[in-house]
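Each remark here refers to the structure printed beneath this line.
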Amino acid sequence: MKKVAIVGGGITGLTAAHRLRQNHVEVTLFESSSRVGGVVRTETSNGFLAETGPNSIWLKEKRILSFFHELGLESEIIEADPNIRKRFIVREGRPVEISSTPLSLLTTPILSLSGKFRLLQEPFIKSGGLSQDESLANFVRRRIGKEALDYAIDPIVSGIFAGDPEKLSARFAFPTLWNLEKKFGSLVGGQLKRIKHSKSTGNRMKRRSVTFKKGIQSLTDAIRASLGDSIRLNSDVNRLLSESNWRVLWSNGKSGSCGSEKFDALVLALPAYKCSRLLFSDNAVQPLSFLKEIEYPPLAVQVMGFERSKIKHPLDGMGMLVPAVEGLNILGTFFSSTAFPGRSPAGHATLTTFIGGARNPNLGQNSSTQLQSLVLQDLERLLGVGGEPVFSRSYLWNNSIPQYNIGYGKILAKISEFESSNSGIFLSGNYRNGIALRQCINSGLDTADKVMSYLG
Ligand SMILES: Cc1cc2nc3c(=O)[nH]c(=O)nc-3n(C[C@H](O)[C@H](O)[C@H](O)COP(=O)(O)OP(=O)(O)OC[C@H]3O[C@@H](n4cnc5c(N)ncnc54)[C@H](O)[C@@H]3O)c2cc1C
(Lines give C-alpha, C1' and ligand atoms only; values in the text may rest on other atoms or scores of the structure.)
Protein backbone atom coordinates (compact mmCIF):
# COMPACT_ATOMS: atom_id res chain seq x y z
CA MET A 1 0.00 0.00 0.00
CA LYS A 2 1.31 3.47 -0.90
CA LYS A 3 1.95 5.85 1.99
CA VAL A 4 1.22 9.58 1.89
CA ALA A 5 1.95 12.22 4.54
CA ILE A 6 -0.37 15.20 4.85
CA VAL A 7 1.28 18.06 6.73
CA GLY A 8 -1.27 20.44 8.29
CA GLY A 9 -4.70 19.58 9.68
CA GLY A 10 -6.78 22.57 8.56
CA ILE A 11 -9.75 22.04 6.23
CA THR A 12 -7.43 21.65 3.19
CA GLY A 13 -5.23 18.92 4.68
CA LEU A 14 -8.18 17.12 6.28
CA THR A 15 -10.08 17.06 2.98
CA ALA A 16 -7.08 15.74 1.04
CA ALA A 17 -6.48 13.06 3.70
CA HIS A 18 -10.12 11.98 3.63
CA ARG A 19 -10.19 11.66 -0.17
CA LEU A 20 -6.90 9.69 -0.25
CA ARG A 21 -8.16 7.28 2.42
CA GLN A 22 -11.30 6.70 0.37
CA ASN A 23 -8.95 5.67 -2.44
CA HIS A 24 -7.24 3.09 -0.20
CA VAL A 25 -4.04 5.08 0.31
CA GLU A 26 -2.36 4.82 3.72
CA VAL A 27 -2.44 8.35 5.09
CA THR A 28 -0.70 9.97 8.06
CA LEU A 29 -1.78 13.53 8.89
CA PHE A 30 0.71 15.59 10.94
CA GLU A 31 -0.74 18.53 12.87
CA SER A 32 1.50 20.74 14.99
CA SER A 33 -1.20 21.86 17.45
CA SER A 34 -3.33 19.85 19.86
CA ARG A 35 -6.42 19.96 17.61
CA VAL A 36 -7.29 19.72 13.93
CA GLY A 37 -9.40 22.31 12.09
CA GLY A 38 -6.83 25.12 11.75
CA VAL A 39 -8.71 28.43 11.69
CA VAL A 40 -12.09 26.64 11.84
CA ARG A 41 -13.14 26.99 15.46
CA THR A 42 -16.59 26.83 17.10
CA GLU A 43 -17.25 27.33 20.82
CA THR A 44 -20.55 26.98 22.65
CA SER A 45 -21.65 28.17 26.08
CA ASN A 46 -25.05 28.68 27.76
CA GLY A 47 -26.97 28.51 24.49
CA PHE A 48 -24.60 30.86 22.60
CA LEU A 49 -22.56 29.61 19.65
CA ALA A 50 -19.39 31.51 18.75
CA GLU A 51 -17.49 31.10 15.50
CA THR A 52 -14.06 32.59 16.10
CA GLY A 53 -12.96 31.62 12.58
CA PRO A 54 -15.19 31.27 9.50
CA ASN A 55 -18.96 31.68 9.90
CA SER A 56 -20.37 30.33 6.67
CA ILE A 57 -19.66 28.54 3.42
CA TRP A 58 -20.80 29.68 -0.03
CA LEU A 59 -22.22 26.45 -1.36
CA LYS A 60 -22.33 26.53 -5.14
CA GLU A 61 -20.75 23.28 -6.32
CA LYS A 62 -22.56 19.93 -6.25
CA ARG A 63 -19.19 18.33 -5.56
CA ILE A 64 -18.99 20.06 -2.18
CA LEU A 65 -22.56 19.15 -1.28
CA SER A 66 -21.72 15.49 -2.09
CA PHE A 67 -18.66 15.78 0.14
CA PHE A 68 -20.88 16.91 3.04
CA HIS A 69 -23.21 13.98 2.35
CA GLU A 70 -20.28 11.52 2.35
CA LEU A 71 -19.38 12.81 5.80
CA GLY A 72 -22.92 12.21 7.06
CA LEU A 73 -23.58 15.93 7.47
CA GLU A 74 -26.65 16.09 5.22
CA SER A 75 -29.15 16.65 8.02
CA GLU A 76 -26.81 19.07 9.82
CA ILE A 77 -26.66 21.68 7.04
CA ILE A 78 -28.51 24.92 7.72
CA GLU A 79 -29.01 27.63 5.17
CA ALA A 80 -29.11 31.37 5.72
CA ASP A 81 -32.69 32.58 5.30
CA PRO A 82 -32.89 33.46 1.56
CA ASN A 83 -35.37 36.24 2.41
CA ILE A 84 -32.69 38.07 4.35
CA ARG A 85 -31.15 39.85 1.41
CA LYS A 86 -30.17 43.02 3.19
CA ARG A 87 -26.62 43.98 4.04
CA PHE A 88 -25.55 47.27 5.56
CA ILE A 89 -22.63 49.52 4.75
CA VAL A 90 -21.81 52.36 7.09
CA ARG A 91 -21.95 55.87 5.65
CA GLU A 92 -21.63 59.01 7.75
CA GLY A 93 -21.78 56.98 10.95
CA ARG A 94 -24.92 54.97 10.25
CA PRO A 95 -25.64 51.62 8.60
CA VAL A 96 -27.20 52.12 5.17
CA GLU A 97 -29.10 49.26 3.57
CA ILE A 98 -27.89 47.71 0.34
CA SER A 99 -29.47 44.63 -1.18
CA SER A 100 -27.34 41.76 -2.43
CA THR A 101 -28.76 42.03 -5.95
CA PRO A 102 -26.28 43.10 -8.64
CA LEU A 103 -26.36 46.74 -9.65
CA SER A 104 -28.19 47.63 -6.41
CA LEU A 105 -25.54 50.33 -5.99
CA LEU A 106 -27.54 52.41 -8.43
CA THR A 107 -30.58 52.49 -6.18
CA THR A 108 -29.16 52.76 -2.64
CA PRO A 109 -28.10 55.93 -0.87
CA ILE A 110 -24.63 54.46 -0.25
CA LEU A 111 -23.38 56.39 -3.31
CA SER A 112 -24.05 60.07 -3.92
CA LEU A 113 -25.65 61.19 -7.18
CA SER A 114 -22.23 61.95 -8.64
CA GLY A 115 -20.96 58.52 -7.50
CA LYS A 116 -23.89 56.85 -9.30
CA PHE A 117 -23.32 58.98 -12.38
CA ARG A 118 -19.67 57.88 -12.40
CA LEU A 119 -20.81 54.25 -12.16
CA LEU A 120 -23.09 54.71 -15.18
CA GLN A 121 -20.10 55.88 -17.23
CA GLU A 122 -18.33 52.56 -16.62
CA PRO A 123 -19.40 50.76 -19.84
CA PHE A 124 -17.84 53.59 -21.87
CA ILE A 125 -14.44 53.49 -20.18
CA LYS A 126 -11.74 51.83 -22.25
CA SER A 127 -10.06 48.71 -20.91
CA GLY A 128 -6.54 49.29 -19.69
CA GLY A 129 -3.73 47.82 -17.68
CA LEU A 130 -4.68 44.27 -18.66
CA SER A 131 -1.11 43.05 -18.90
CA GLN A 132 -0.07 44.62 -15.60
CA ASP A 133 -0.49 43.33 -12.09
CA GLU A 134 -2.71 46.24 -11.10
CA SER A 135 -3.80 46.99 -7.53
CA LEU A 136 -7.48 46.43 -6.82
CA ALA A 137 -7.84 50.06 -5.71
CA ASN A 138 -6.40 51.34 -8.98
CA PHE A 139 -8.54 48.98 -11.05
CA VAL A 140 -11.74 50.04 -9.25
CA ARG A 141 -10.92 53.79 -9.33
CA ARG A 142 -10.23 53.48 -13.05
CA ARG A 143 -13.47 51.61 -13.81
CA ILE A 144 -16.09 52.88 -11.35
CA GLY A 145 -14.54 55.80 -9.49
CA LYS A 146 -13.18 56.66 -6.05
CA GLU A 147 -16.49 56.84 -4.24
CA ALA A 148 -17.44 53.29 -5.29
CA LEU A 149 -13.98 52.16 -4.16
CA ASP A 150 -14.42 53.79 -0.74
CA TYR A 151 -18.02 52.80 -0.08
CA ALA A 152 -18.57 49.56 -2.02
CA ILE A 153 -15.32 47.75 -2.73
CA ASP A 154 -13.16 48.67 0.27
CA PRO A 155 -15.69 47.32 2.83
CA ILE A 156 -16.17 44.12 0.81
CA VAL A 157 -12.39 43.66 0.69
CA SER A 158 -12.29 43.98 4.48
CA GLY A 159 -15.13 41.47 4.78
CA ILE A 160 -13.37 38.87 2.66
CA PHE A 161 -9.59 39.38 2.98
CA ALA A 162 -9.37 41.78 5.95
CA GLY A 163 -7.09 43.34 3.34
CA ASP A 164 -5.91 46.61 1.82
CA PRO A 165 -7.23 47.31 -1.73
CA GLU A 166 -4.15 49.45 -2.46
CA LYS A 167 -1.98 46.33 -2.03
CA LEU A 168 -4.23 43.50 -3.26
CA SER A 169 -3.86 42.39 -6.86
CA ALA A 170 -7.10 42.90 -8.83
CA ARG A 171 -6.27 39.95 -11.04
CA PHE A 172 -5.58 37.41 -8.30
CA ALA A 173 -7.69 38.62 -5.37
CA PHE A 174 -10.83 39.40 -7.41
CA PRO A 175 -10.46 37.37 -10.62
CA THR A 176 -14.18 37.59 -11.44
CA LEU A 177 -14.05 41.41 -11.63
CA TRP A 178 -10.76 41.33 -13.51
CA ASN A 179 -12.12 38.85 -16.05
CA LEU A 180 -15.27 40.91 -16.63
CA GLU A 181 -13.09 43.70 -17.98
CA LYS A 182 -10.88 41.31 -19.89
CA LYS A 183 -13.76 39.40 -21.49
CA PHE A 184 -16.49 42.02 -21.90
CA GLY A 185 -14.57 45.31 -21.68
CA SER A 186 -16.98 46.45 -18.94
CA LEU A 187 -17.92 45.35 -15.42
CA VAL A 188 -21.52 46.55 -15.70
CA GLY A 189 -22.08 45.18 -19.23
CA GLY A 190 -20.30 41.92 -18.44
CA GLN A 191 -22.29 41.41 -15.26
CA LEU A 192 -25.59 41.94 -17.12
CA LYS A 193 -24.58 39.39 -19.78
CA ARG A 194 -23.57 36.91 -17.12
CA ILE A 195 -26.91 37.19 -15.31
CA LYS A 196 -28.73 36.61 -18.59
CA HIS A 197 -26.80 33.45 -19.37
CA SER A 198 -26.35 31.99 -15.89
CA LYS A 199 -27.98 28.59 -15.35
CA SER A 200 -27.51 25.89 -12.72
CA THR A 201 -25.74 23.30 -14.85
CA GLY A 202 -23.02 20.67 -14.45
CA ASN A 203 -21.22 21.01 -11.13
CA ARG A 204 -22.77 24.45 -10.43
CA MET A 205 -25.94 25.03 -8.45
CA LYS A 206 -27.79 28.04 -7.10
CA ARG A 207 -25.41 29.52 -4.56
CA ARG A 208 -26.41 29.70 -0.91
CA SER A 209 -24.71 30.57 2.32
CA VAL A 210 -24.68 27.58 4.67
CA THR A 211 -23.27 26.31 7.93
CA PHE A 212 -24.08 23.39 10.24
CA LYS A 213 -26.49 23.24 13.19
CA LYS A 214 -23.61 22.91 15.66
CA GLY A 215 -21.32 25.31 13.81
CA ILE A 216 -18.69 25.14 11.08
CA GLN A 217 -16.46 22.95 13.22
CA SER A 218 -18.94 20.08 12.62
CA LEU A 219 -17.24 19.77 9.24
CA THR A 220 -13.67 19.39 10.49
CA ASP A 221 -14.90 17.22 13.41
CA ALA A 222 -16.63 14.87 10.95
CA ILE A 223 -13.47 14.51 8.86
CA ARG A 224 -11.39 14.01 12.01
CA ALA A 225 -13.72 11.17 13.07
CA SER A 226 -13.42 9.53 9.64
CA LEU A 227 -9.60 9.65 9.78
CA GLY A 228 -9.35 8.01 13.22
CA ASP A 229 -5.80 7.11 14.20
CA SER A 230 -4.29 8.45 10.95
CA ILE A 231 -3.99 11.81 12.73
CA ARG A 232 -0.87 12.68 14.74
CA LEU A 233 -1.46 15.75 16.89
CA ASN A 234 1.31 17.90 18.45
CA SER A 235 3.57 16.84 15.57
CA ASP A 236 5.41 19.83 14.18
CA VAL A 237 6.99 18.91 10.84
CA ASN A 238 10.22 20.85 10.39
CA ARG A 239 12.40 19.01 7.87
CA LEU A 240 11.90 16.98 4.69
CA LEU A 241 14.66 14.80 3.27
CA SER A 242 14.74 13.56 -0.29
CA GLU A 243 15.86 9.91 -0.21
CA SER A 244 14.53 7.31 -2.66
CA ASN A 245 11.22 8.92 -1.67
CA TRP A 246 10.51 11.54 1.05
CA ARG A 247 11.45 11.33 4.71
CA VAL A 248 9.40 13.53 7.07
CA LEU A 249 10.98 14.69 10.35
CA TRP A 250 8.85 16.07 13.16
CA SER A 251 9.07 17.03 16.81
CA ASN A 252 6.43 16.75 19.48
CA GLY A 253 6.27 20.06 21.34
CA LYS A 254 4.34 18.43 24.20
CA SER A 255 6.44 15.36 24.96
CA GLY A 256 9.76 16.70 23.63
CA SER A 257 10.12 13.59 21.47
CA CYS A 258 10.86 13.58 17.74
CA GLY A 259 10.67 11.10 14.91
CA SER A 260 10.97 10.46 11.20
CA GLU A 261 9.22 8.28 8.64
CA LYS A 262 9.37 7.65 4.89
CA PHE A 263 6.46 8.34 2.53
CA ASP A 264 5.79 7.90 -1.19
CA ALA A 265 4.32 11.41 -1.49
CA LEU A 266 3.73 14.51 0.64
CA VAL A 267 0.94 17.08 0.71
CA LEU A 268 1.98 20.34 2.36
CA ALA A 269 -1.27 21.97 3.57
CA LEU A 270 0.36 24.56 5.83
CA PRO A 271 0.04 28.34 5.96
CA ALA A 272 2.56 29.89 3.53
CA TYR A 273 4.72 31.45 6.28
CA LYS A 274 5.02 28.01 7.94
CA CYS A 275 5.88 26.32 4.64
CA SER A 276 8.59 28.92 4.03
CA ARG A 277 10.49 27.73 7.14
CA LEU A 278 10.65 24.03 6.19
CA LEU A 279 14.19 22.70 5.86
CA PHE A 280 14.93 20.42 2.94
CA SER A 281 18.25 18.80 3.77
CA ASP A 282 20.59 18.34 6.70
CA ASN A 283 21.77 21.90 6.00
CA ALA A 284 19.69 25.02 6.50
CA VAL A 285 18.21 24.94 2.99
CA GLN A 286 14.75 26.54 2.77
CA PRO A 287 13.69 26.32 -0.89
CA LEU A 288 10.20 27.58 -0.06
CA SER A 289 11.47 30.73 1.69
CA PHE A 290 9.89 32.84 -1.10
CA LEU A 291 6.49 32.02 0.46
CA LYS A 292 7.21 34.35 3.37
CA GLU A 293 6.44 37.22 0.98
CA ILE A 294 2.74 36.36 1.39
CA GLU A 295 1.42 38.69 4.07
CA TYR A 296 -0.98 37.50 6.80
CA PRO A 297 -2.33 40.51 8.77
CA PRO A 298 -3.46 40.05 12.38
CA LEU A 299 -7.23 39.91 12.83
CA ALA A 300 -9.27 39.78 16.03
CA VAL A 301 -12.76 38.31 16.24
CA GLN A 302 -15.09 39.45 19.02
CA VAL A 303 -18.26 37.39 19.46
CA MET A 304 -20.79 38.91 21.85
CA GLY A 305 -24.26 37.92 23.01
CA PHE A 306 -26.75 40.54 24.22
CA GLU A 307 -30.28 40.59 25.52
CA ARG A 308 -32.24 41.41 22.36
CA SER A 309 -33.95 44.36 24.05
CA LYS A 310 -30.53 46.02 24.54
CA ILE A 311 -30.04 46.44 20.75
CA LYS A 312 -32.05 49.18 19.04
CA HIS A 313 -31.25 48.15 15.45
CA PRO A 314 -33.69 45.57 13.95
CA LEU A 315 -30.72 43.40 12.84
CA ASP A 316 -32.77 42.59 9.74
CA GLY A 317 -29.86 41.64 7.50
CA MET A 318 -26.76 39.47 7.25
CA GLY A 319 -24.45 42.07 8.71
CA MET A 320 -22.74 45.41 8.38
CA LEU A 321 -19.43 46.45 6.81
CA VAL A 322 -17.48 49.58 7.68
CA PRO A 323 -15.49 51.47 4.99
CA ALA A 324 -12.01 52.67 6.04
CA VAL A 325 -12.96 56.29 5.26
CA GLU A 326 -15.46 56.19 8.14
CA GLY A 327 -12.50 56.05 10.56
CA LEU A 328 -14.08 53.60 13.04
CA ASN A 329 -12.40 50.76 14.96
CA ILE A 330 -14.21 47.78 13.48
CA LEU A 331 -14.12 46.23 10.00
CA GLY A 332 -17.63 44.87 10.21
CA THR A 333 -20.16 42.81 12.16
CA PHE A 334 -21.92 39.61 11.15
CA PHE A 335 -25.46 39.36 12.57
CA SER A 336 -24.92 35.71 13.52
CA SER A 337 -28.28 35.02 15.15
CA THR A 338 -30.23 36.67 12.32
CA ALA A 339 -28.34 34.75 9.65
CA PHE A 340 -28.54 31.30 11.26
CA PRO A 341 -30.78 29.70 13.89
CA GLY A 342 -29.33 28.31 17.13
CA ARG A 343 -26.67 30.99 17.63
CA SER A 344 -28.19 32.45 20.81
CA PRO A 345 -30.84 31.55 23.40
CA ALA A 346 -34.38 32.94 23.04
CA GLY A 347 -34.62 36.68 23.65
CA HIS A 348 -30.93 37.23 22.84
CA ALA A 349 -28.80 38.12 19.81
CA THR A 350 -25.24 37.18 18.85
CA LEU A 351 -23.00 39.60 16.96
CA THR A 352 -19.60 38.62 15.52
CA THR A 353 -17.29 41.59 14.95
CA PHE A 354 -13.95 41.73 13.12
CA ILE A 355 -11.26 44.23 14.04
CA GLY A 356 -7.69 44.85 12.84
CA GLY A 357 -6.68 43.29 9.51
CA ALA A 358 -4.41 45.03 7.00
CA ARG A 359 -6.32 48.28 7.62
CA ASN A 360 -5.42 48.45 11.32
CA PRO A 361 -2.72 45.85 12.03
CA ASN A 362 -2.08 47.26 15.51
CA LEU A 363 -5.71 47.25 16.68
CA GLY A 364 -5.85 43.49 16.77
CA GLN A 365 -2.96 43.48 19.24
CA ASN A 366 -5.05 44.91 22.12
CA SER A 367 -5.93 42.81 25.17
CA SER A 368 -9.32 41.10 25.05
CA THR A 369 -10.77 43.67 27.49
CA GLN A 370 -9.53 46.57 25.35
CA LEU A 371 -10.86 44.86 22.23
CA GLN A 372 -14.27 44.39 23.77
CA SER A 373 -14.51 48.04 24.72
CA LEU A 374 -13.35 49.22 21.26
CA VAL A 375 -15.98 47.01 19.65
CA LEU A 376 -18.71 48.06 22.09
CA GLN A 377 -17.92 51.71 21.41
CA ASP A 378 -18.64 51.22 17.68
CA LEU A 379 -21.63 48.92 18.16
CA GLU A 380 -23.26 51.42 20.49
CA ARG A 381 -22.90 54.13 17.88
CA LEU A 382 -23.90 52.06 14.85
CA LEU A 383 -26.50 49.60 16.16
CA GLY A 384 -27.64 51.27 19.36
CA VAL A 385 -26.22 48.50 21.55
CA GLY A 386 -26.70 49.48 25.19
CA GLY A 387 -25.13 47.76 28.14
CA GLU A 388 -22.67 44.96 28.58
CA PRO A 389 -22.80 41.63 26.72
CA VAL A 390 -24.05 38.58 28.62
CA PHE A 391 -21.67 36.40 26.59
CA SER A 392 -18.30 37.32 25.12
CA ARG A 393 -15.43 35.52 23.39
CA SER A 394 -12.46 37.12 21.68
CA TYR A 395 -9.88 35.42 19.56
CA LEU A 396 -6.78 36.95 17.99
CA TRP A 397 -5.43 35.42 14.78
CA ASN A 398 -1.85 36.72 14.66
CA ASN A 399 -1.64 35.52 11.06
CA SER A 400 -5.17 35.49 9.71
CA ILE A 401 -5.74 35.43 5.96
CA PRO A 402 -3.14 35.29 3.15
CA GLN A 403 -3.14 38.44 1.04
CA TYR A 404 -3.03 38.00 -2.74
CA ASN A 405 -1.07 41.22 -3.14
CA ILE A 406 0.64 42.67 -6.21
CA GLY A 407 3.43 40.26 -7.19
CA TYR A 408 1.36 37.23 -6.19
CA GLY A 409 1.47 35.87 -9.77
CA LYS A 410 5.25 35.47 -9.51
CA ILE A 411 4.85 33.52 -6.26
CA LEU A 412 2.37 31.16 -7.95
CA ALA A 413 4.88 30.56 -10.75
CA LYS A 414 7.62 29.75 -8.21
CA ILE A 415 5.31 27.26 -6.46
CA SER A 416 4.73 25.44 -9.76
CA GLU A 417 8.49 25.44 -10.49
CA PHE A 418 9.16 24.02 -7.03
CA GLU A 419 6.65 21.19 -7.55
CA SER A 420 8.14 20.35 -10.96
CA SER A 421 11.63 19.99 -9.54
CA ASN A 422 10.56 18.09 -6.38
CA SER A 423 8.37 15.28 -7.62
CA GLY A 424 6.13 13.73 -5.01
CA ILE A 425 5.53 17.01 -3.11
CA PHE A 426 2.20 18.83 -3.54
CA LEU A 427 1.42 22.27 -2.11
CA SER A 428 -2.15 23.08 -1.22
CA GLY A 429 -4.04 25.52 0.97
CA ASN A 430 -5.67 28.91 1.17
CA TYR A 431 -2.58 30.82 0.00
CA ARG A 432 -2.71 29.06 -3.35
CA ASN A 433 -6.19 28.21 -4.60
CA GLY A 434 -8.47 30.80 -2.99
CA ILE A 435 -9.09 31.70 0.63
CA ALA A 436 -12.75 30.68 1.02
CA LEU A 437 -13.60 27.39 2.72
CA ARG A 438 -15.23 26.06 -0.46
CA GLN A 439 -12.03 26.80 -2.36
CA CYS A 440 -9.94 25.06 0.31
CA ILE A 441 -12.19 21.98 0.08
CA ASN A 442 -11.85 21.99 -3.71
CA SER A 443 -8.10 22.41 -3.32
CA GLY A 444 -7.91 19.43 -0.93
CA LEU A 445 -9.96 17.23 -3.29
CA ASP A 446 -7.96 18.30 -6.38
CA THR A 447 -4.65 17.75 -4.61
CA ALA A 448 -5.72 14.24 -3.57
CA ASP A 449 -6.57 13.49 -7.22
CA LYS A 450 -3.12 14.74 -8.31
CA VAL A 451 -1.45 12.55 -5.68
CA MET A 452 -3.47 9.54 -6.89
CA SER A 453 -2.33 10.00 -10.46
CA TYR A 454 1.30 10.51 -9.30
CA LEU A 455 1.16 7.24 -7.33
CA GLY A 456 -0.23 5.52 -10.45
C1 LIG B 1 -11.26 34.96 11.16
C2 LIG B 1 -11.50 34.27 9.85
C3 LIG B 1 -12.78 34.27 9.30
C4 LIG B 1 -13.02 33.62 8.08
N5 LIG B 1 -14.29 33.59 7.59
C6 LIG B 1 -14.58 32.83 6.50
C7 LIG B 1 -15.93 32.60 6.10
O8 LIG B 1 -16.89 33.06 6.75
N9 LIG B 1 -16.15 31.83 5.00
C10 LIG B 1 -15.12 31.27 4.28
O11 LIG B 1 -15.40 30.60 3.27
N12 LIG B 1 -13.82 31.43 4.66
C13 LIG B 1 -13.53 32.19 5.75
N14 LIG B 1 -12.23 32.32 6.18
C15 LIG B 1 -11.15 31.67 5.40
C16 LIG B 1 -11.03 30.15 5.66
O17 LIG B 1 -11.55 29.83 6.93
C18 LIG B 1 -9.56 29.72 5.61
O19 LIG B 1 -8.96 30.19 4.40
C20 LIG B 1 -9.39 28.19 5.66
O21 LIG B 1 -10.08 27.64 6.76
C22 LIG B 1 -7.90 27.83 5.71
O23 LIG B 1 -7.73 26.44 5.74
P24 LIG B 1 -6.30 25.76 5.48
O25 LIG B 1 -6.45 24.32 5.76
O26 LIG B 1 -5.78 26.14 4.14
O27 LIG B 1 -5.30 26.44 6.53
P28 LIG B 1 -5.30 26.47 8.17
O29 LIG B 1 -6.69 26.47 8.69
O30 LIG B 1 -4.41 27.60 8.49
O31 LIG B 1 -4.62 25.08 8.55
C32 LIG B 1 -3.23 24.85 8.53
C33 LIG B 1 -2.88 23.84 9.63
O34 LIG B 1 -1.49 23.53 9.57
C35 LIG B 1 -1.00 23.38 10.90
N36 LIG B 1 0.46 23.55 10.90
C37 LIG B 1 1.16 24.71 10.80
N38 LIG B 1 2.49 24.44 10.79
C39 LIG B 1 2.64 23.09 10.89
C40 LIG B 1 3.77 22.21 10.90
N41 LIG B 1 5.02 22.68 10.80
N42 LIG B 1 3.55 20.87 11.01
C43 LIG B 1 2.27 20.38 11.09
N44 LIG B 1 1.17 21.18 11.07
C45 LIG B 1 1.34 22.52 10.96
C46 LIG B 1 -1.75 24.48 11.65
O47 LIG B 1 -1.73 24.26 13.06
C48 LIG B 1 -3.15 24.37 11.04
O49 LIG B 1 -3.96 23.45 11.74
C50 LIG B 1 -11.95 32.97 7.40
C51 LIG B 1 -10.66 32.98 7.95
C52 LIG B 1 -10.43 33.62 9.16
C53 LIG B 1 -9.04 33.60 9.76
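Positions are given from 1 along the sequence. Order of listing sets the numbers, starting from 1, for every ligand and every atom in it. Since this is a predicted model, take the numbers as computed values, not measurements.
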*Is a salt bridge present between E134 and R171, judged by a nitrogen-to-oxygen distance below 4.0 Å?*
no
_For K3, is there an ion pair with E261 - N to carboxylate O distance below 4.0 angstrom?_
yes
Give me the residue, atom name and distance of the protein heavy atom closest to [atom].
| atom | value |
| --- | --- |
| atom 49 (O) of ligand 1 | E31 OE1, 2.7 Å |
| atom 23 (O) of ligand 1 | I11 CG2, 3.5 Å |
| atom 2 (C) of ligand 1 | G53 C, 3.9 Å |
| atom 39 (C) of ligand 1 | L270 CD2, 3.2 Å |
| atom 31 (O) of ligand 1 | G10 CA, 3.3 Å |
| atom 24 (P) of ligand 1 | T12 OG1, 3.4 Å |
| atom 13 (C) of ligand 1 | P54 CB, 3.5 Å |
| atom 8 (O) of ligand 1 | N55 N, 3.1 Å |

Which of the numbered atoms in ligand 1 are below 4.0 angstrom from a heavy atom of [X]?
| X | value |
| --- | --- |
| S235 | 42 (N), 43 (C) |
| L437 | 10 (C), 11 (O), 12 (N), 17 (O), 21 (O) |
| G38 | 29 (O), 31 (O), 48 (C), 49 (O) |
| V7 | 42 (N), 43 (C) |
| L299 | 1 (C) |
| G9 | 33 (C), 34 (O), 49 (O) |
| K274 | 37 (C), 38 (N) |
| I435 | 15 (C), 16 (C), 18 (C), 19 (O) |

*Just let me know how A269 lines up against ligand 1, side chain, backbone, both or neither, with a heavy-atom cut-off below 4.0 Å.*
backbone
*Should the proximity of C440 to ligand 1, defined as any heavy atom under 4.0 Å, be assigned to the side chain, the backbone, both, or neither?*
side chain
For a quick test of reading the model, state the closest non-hydrogen atom pair linking [X] to [Y] and the distance between them.
| X | Y | answer |
| --- | --- | --- |
| L278 | P287 | O-CD, 4.3 Å |
| R359 | I330 | NH1-O, 3.9 Å |
| I311 | A349 | CD1-CB, 3.9 Å |

Judged by atom type as modelled, is there a donor-acceptor pair below 3.5 Å linking the side chain of [X] to the main-chain atoms of [Y]?
| X | Y | value |
| --- | --- | --- |
| E380 | Q377 | no |
| N366 | L363 | yes |
| N252 | S255 | yes |

*Pick out which of K206, R207, R208, K213 makes a salt bridge (Lys or Arg N to Asp or Glu O under 4.0 Å) with E79.*
R208
*Would M1 and V25 satisfy side-chain contact (heavy atoms from CB on, under 4.5 Å), going step by step from the backbone distance to the final call?*
CA-CA 6 Å; M1 207 183 206; V25 173; over 6 Å; no
Test your reading of the structure: does [X] have an N or O sitting under 3.5 Å from an N or O of ligand 1?
| X | result |
| --- | --- |
| S400 | no |
| S56 | yes |
| V237 | yes |
| R438 | no |
| V301 | no |
| W397 | no |

*Do other residues, nucleotides or ligands put more than 12 heavy atoms under 6.0 Å from K262 NZ?*
yes
*Hey, what do you get for CD1 (I6) to CZ (R232), rounding to the nearest 0.5 Å?*
13.0 Å
*Is R91 close enough and on-axis enough to Y151, meaning under 6.0 Å and within 45°, for cation-pi?*
yes
_Any donor-acceptor N or O pair under 3.5 Å, side chains S392, Q372_ = yes
*asked:* Side chains of S443 and T12 only: does a donor on one sit below 3.5 Å from an acceptor on the other?
replied: no
*asked:* Protein heavy atoms near atom 5 (N) of ligand 1, is at least one of them under 4.0 angstrom away?
replied: yes
